[in-house]
Peer 1: 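Okay, handing you the structure first.
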Amino acid sequence: MYYSRKRPIADFPCEMTAIWSCTKEGCNGWMRDNYSFNDVPTCSQCLSPMNRSMKELPILQDSYGLKMAIKKMEANV
């Protein structure tokens with residue numbers, strides 16, 4: 001019998017997260033807003049423009065993403 005060390009995705013807490021999704025038909029590229037370096041990023045797969053939307057994703061616990069979010073908020077003020 002096989003026992004995986006990975007936790008099932010259902011065990012991770014999720015929340016609605018701001019993302020950027022690709023506008024090109026057939027491309028499924030997307031990225032979390034916290035990890036985009038531009039105000040309006042381009043898709044890394046097809047270089048098309050991206051639109052902001054929301055998606056339910058597992059919560060990430062890292063200080064780098066938090067620092068990026070704070071930096072973006074300070075730039076918008």
Side-chain angles (χ1 to χ4, degrees):
M1 191 177 278
Y2 174 75
Y3 294 100
S4 175
R5 290 185 174 194
K6 292 182 181 180
R7 290 176 34 188
I9 290 179
D11 290 348
F12 293 105
C14 295
E15 69 178 357
M16 291 303 289
T17 306
I19 64 163
W20 290 97
S21 56
C22 184
T23 57
K24 185 176 180 181
E25 187 73 28
C27 181
N28 60 355
W30 64 273
M31 69 176 84
R32 289 177 186 255
D33 183 45
N34 292 359
Y35 294 102
S36 66
F37 295 110
N38 302 329
D39 290 332
V40 180
T42 56
C43 180
S44 61
Q45 297 176 14
C46 66
L47 303 177
S48 297
M50 300 184 93
N51 284 337
R52 184 181 282 231
S53 60
M54 300 292 284
K55 187 174 189 174
E56 189 169 356
L57 298 170
I59 300 170
L60 296 181
Q61 303 282 330
D62 72 315
S63 61
Y64 182 74
L66 180 60
K67 288 178 189 175
M68 290 292 293
I70 292 170
K71 200 175 214 182
K72 273 188 174 183
M73 288 189 312
E74 289 174 351
N76 290 335
V77 173

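Side chains are part of it too, since the values below use all heavy atoms of this structure and drop only hydrogens, waters and symmetry mates. Nothing here was measured: the structure is a model prediction, and the numbers come from that model.
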Peer 1: By the definition side-chain contact (heavy atoms from CB on, under 4.5 Å), identify the one residue from Ser36, Ser21, Cys43 that meets it with Met31.
Peer 2: Ser36

Peer 1: Out of curiosity, Asp33 CG to Lys55 NZ, how far, rounded to the nearest 0.5 Å?
Peer 2: 14.0 Å

Peer 1: Please identify each residue that fulfils side-chain contact (heavy atoms from CB on, under 4.5 Å) with Lys24, with sequence neighbours left out.
Peer 2: Cys22, Cys27, Cys46, Ser48

Peer 1: Given a cutoff of under 4.5 Å between side-chain heavy atoms of I, L, V, M, F, W and Y, with clusters grown through shared members, what are the other residues clustered with Leu57?
Peer 2: Ile19, Trp30

Peer 1: For a quick test of reading the model, state the closest non-hydrogen atom pair linking Val40 to Met50 and the distance between them.
Peer 2: CG1-O, 4.1 Å

